[in-house]
Amino acid sequence: MKSKPESDFFYMVFEVVRLIPPGRVTTYGAIAKCLGMKGSSRMVGWAMNSSHSHHSKVPAHRVVNREGLLTGKHHFATPMMMQQLLEKEGIKVTKDKINGFKNHFWDPNEALKM
DNA sequence: TAGCTGACGAAAA
DNA sequence: TTTTTCGCCAGCT
C-alpha cells in the first residue's frame, strides 16, 4: 500500500522545480542539496525523466547542470524547445549554454527557507 | 532476481 | 591547474 503517489524524492523534486520562477534557472545539485540528497544529483535529473509519466507540468527546461549547460535538452520534445523556452523567459542561451547563468541562477534553498 | 543505466556533482590524483 | 574516478538511489530490462 503506497500512501505516496510517487516516491517522495520525485515528488519533492517536481515541487521544487515547479517553484522555479520564470526567468530563473537552477541546477540539479541545488535541488538535490535542497532535498538533502547532495550526492544524489543524478536522481534529480532522473526524476525529470520520470516527469514524463508525471501528470503535473514540470518546467524541466529551467533546470540545468552545474555548468549552466542544457544537458537535458535532448530529452525534450525537441532539443531546441528547451532553448526556445528559456529565451522566451528572457534567458539568453548560447550554444546550449545559459548566458550569464549565475545571473539567472535561482536557489531553491531560499524558496524553501521562506 | 540481479544488474545496468541514468538530464550530475564533488573529491582525489 | 585539469582530468579521472567514485558515489547517489531509483527505475527499467
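Quick caveat, the model's predicted, so the values are computed rather than measured. Sequence lines set the chain letters: A, B, ... in the order given, protein chains first and strands last, and positions in each chain run from 1.
If you measure from atom NZ of A/K38 to atom P of C/dC9, you get 11 Å, rounded to the nearest angstrom. Taking atom CE on A/M37 and atom P on C/dA10, their separation rounds to 9 Å, with Å as the unit.
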Query - Trace of the side-chain contact (heavy atoms from CB on, under 4.5 Å) decision for A/W106 with A/L19 - result: CA-CA 10 Å; A/W106 174 79; A/L19 289 171; 4.1 Å; yes

Short heteroatom pairs, N/O only, protein and nucleotides 1-7 of chain C, under 3.5 Å:
from	atom 1	to	atom 2	distance (Å)
C/dG7	O6	A/R42	NH1	3.4

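Taking the 5' to 3' direction, DNA chain B first and last meets chain A under 4.0 angstrom from a heavy atom at B/dG6 to B/dA10.
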Report summary line: Read 5' to 3' with Watson-Crick or G-U pairs under 3.5 Å, [ ] for crossing pairs and | for partners on another strand, DNA chain C gives .||||||.|||||

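Near DNA chain B, meaning a heavy atom under 4.0 Å away, the residues from residues 68-92 of chain A are A/T71, A/G72, A/H75, A/F76.
In the hydrophobic cluster analysis, where Ile, Leu, Val, Met, Phe, Trp and Tyr join through side-chain heavy atoms closer than 4.5 angstrom, A/M43 is grouped together with A/V58.
Nearest approach of A/V63 to A/T27, heavy atoms of both residues: CG1-C, 4.4 Å. The shortest non-hydrogen separation linking A/F76 to A/H61 is CZ-N, 3.2 Å. When all heavy atoms of A/F101 and A/R66 are compared, the closest pair comes out as CE2-O, 3.6 Å.
Applying the salt bridge (Lys or Arg N to Asp or Glu O under 4.0 Å) criterion to A/D107, with sequence neighbours excluded, gives no partner residue. Residues satisfying the salt bridge (Lys or Arg N to Asp or Glu O under 4.0 Å) criterion with A/R24, sequence neighbours excluded, are absent altogether.
By the 4.5 Å heavy-atom criterion applied to side chains, A/V16 and A/V44 are not counted as neighbours. The side-chain heavy atoms of A/E89 and A/H104, taken from C-beta on, include no pair separated by under 4.5 Å.
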